[in-house]
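A quick write-up on the structure given underneath.
Worth saying up front: this structure is predicted, and the values here are computed from it rather than measured.
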Amino acid sequence: MTHSSTSKTVVGPPTATRRGHRAPRLGAWWTYASSVLTGACVLLIVAAALREGAMLPAVKHPTSAVATGLAMTWGVLYLVRRLKVGHQVIPRAWLVSIGLLVAGAAWVLMSALWSLDPVTSIWEGLTWVGAVGFLVAGRTMPESTRFGRTIIPVVLVLLGTVFGIVSLVSYAQGSDMWVLSVGGVRHLVGPLGYANAFAGLLIVTLCASAVLVLDLFNRTRAQGRRLAGTAALAIAVAVQVAAVALTRSRGALAALAAAAVLGLFFMAARQIRWSARDRNTRGRAAASIVALLLLAAVVTVATMEIRSLDLSIQSTEQHRVQLWQSAVDTAQERPTLGWGAGTFYEAYSEHRIGPPSRFAHNLFLQHWVETGIIGCVLLAAILIALLWPRWKMPWRRSFADRRWWLWIGATSLVFQNMIDLSLYFPALFWLFFLVAGSLFREPATDAQRSPTPPETQARPKGASRRSSGSKKNRSQSRRAV
């Protein structure tokens with residue numbers, strides 16, 4: 001006898017156990033404790049962003065200590081819940097992701113043993129440990145009953161809109177608050193103090209705005225128009241678009257385009273597989289054409305950009321190439337263990353080519369210099385585990401999935417850091433893990449529930465037919481009597 005495929009695993013506090021023994025009711029205190037911790041994580045990101053992204057050691061050290069405390073509190077909370085509730089099924093993707101992140105944080109901490117500056121490496125390791133708490137908070141926050149699945153986008157849109165309004169007002173008034181002049185051209189830098197980092201933040205919040213736009217469209221189509229919500233969301237989007245434009249960051253826009261193209265390519269690849277399985281020749285051909293067009297567009301744009309580079313003058317592009325060459329030369333001296341987390345400037349100074357910089361402007365090169373090949377492999381595994389696309393719907397419905405848009409925001413932030421340093425701002429680093437955590441949803445929340453009762457859902461396929469047949473036989477027998 002086989003179990004029915006329609007049975008579902010219930011995650012949450014059970015109401016009763018076998019033989020009438022009632023289990024402890026954990027719903028109230030778990031909801032309260034998780035809400036407090038997620039709120040604390042969001043407030044810490046806001047506080048860190050308002051202090052120049054917590055980049056400076058005077059701000060980075062206390063915020064990293066608080067983030068580590070939040071991560072430890074999350075661990076204790078889940079341990080207590082597991083001891084009280086008992087065995088719970090943990091999704092494999094979530095277990096692998098959290099395990100890799102813990103291993104990566106532990107390796108960054110261990111680099112203090114051979115680091116050029118052990119104290120700096122310890123604080124860098126604590127920043128990574130704190131990221132575990134933000135990943136858990138992102139996964140737990142969508143459980144809210146007030147905002148449902150859109151609570152993460154709501155928080156992000158509020159953050160980007162408020163920062164954008166203040167920056168635009170300062171720009172319009174000619175003030176230097178959150179505005180920086182470079183070569184006579186004014187750039188919005190926001191509270192982070194760096195235009196490219198502020199643009200990266202706004203790209204993520206714009207992707208979150210797309211989630212709210214789709215959610216509002218679905219609601220207004222079903223319940224009538226809501227002019228207040230539509231107007232507020234339109235103003236929020238306009239503010240963020242204007243702020244991104246005035247940062248004048250080409251890298252952020254290129255990263256957003258690259259993330260969108262990659263997302264579409266994943267959709268096309270899965271559509272090809274599904275069409276082949278269903279023997280849908282027309283769908284397979286259409287998806288193949290889309291995939292080939294995307295690849296051709298990427299190759300064409302990349303070729304044009306490479307040919308347009310002029311490395312004969314002292315430009316930003318030349319500085320990046322010099323930095324990357326210096327980073328490779330530095331990493332080759334200690335390729336396995338690295339020089340210690342947070343010690344890029346001290347390590348590469350002897351191999352420096354061109355103007356000095358405290359960052360390699362490439363996420364993997366800097367991680368290779370600081371934590372070696374082992375740390376670089378762990379970083380790649382973490383990003384793959386977190387950003388592997390999990391939407392499994394046809395491409396016509398994937399655009400309505402909030403995970404697709406949040407995935408584009410998180411992926412664009414990673415792509416931007418192939419040529420920049422935004423993720424080395426602790427505020428953006430933790431924000432990335434908050435968004436990445438929201439891509440994992442609890443099975444009870446992620447399931448597409450039908451309006452039928454639970455006992456009908458858990459009934460095998462043949463049971464409903466037999467029951468309906470027995471009812472028909474009973475009605476016929478009553479007529480015969």
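Using a 4.5 Å heavy-atom threshold, the side chains of H319 and P355 count as touching. Side-chain atoms of L323 and F359, non-hydrogen and from C-beta on, never get closer than 4.5 Å to each other. Looking at F163 and L202, their side chains never come closer than 4.5 Å, going by heavy atoms from C-beta outward. Contact of the L434 side chain with the L135 side chain is not registered, since no non-hydrogen atoms from C-beta on lie closer than 4.5 Å. Side-chain contact between L201 and F425 is absent, with no heavy atoms from C-beta onward closer than 4.5 Å. At least one side-chain heavy atom of L428 sits less than 4.5 Å from a side-chain heavy atom of L192.
Minimum interatomic distance between Y424 and H367 (heavy atoms only, all atoms of both residues): OH-N, 4.0 Å. A pairwise comparison of heavy atoms in F432 and A410 identifies CE1-O, 3.6 Å as the closest pair.
Checked against the 6.0 Å centroid criterion, the rings of W128 and F429 qualify as a close aromatic pair.
If you take OG on S357 and CD on Q322, they are separated by 11.5 Å, rounding to the nearest 0.5 Å. Taken to the nearest 0.5 Å, the CD1 atom of I408 stands 9.0 Å off from the CG atom of L262.
The pair K60-E124 counts as a salt bridge, with a side-chain nitrogen and a carboxylate oxygen less than 4.0 angstrom apart.
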Please set out all donor-acceptor pairs under 3.5 angstrom arising from side-chain atoms of residues 335-346, sequence neighbours excluded.
unit_1	atom_1	unit_2	atom_2	d
W339	NE1	T330	O	3.1
T343	OG1	W339	O	3.1
T343	OG1	G340	O	2.5

message = Applying ring-ring contact (aromatic ring centres under 6.0 Å, His included) to W114 and W107, what does each step give before you reach the verdict?
response = CA-CA 12 Å; W114 56 83; W107 182 255; 5.4 Å; yes
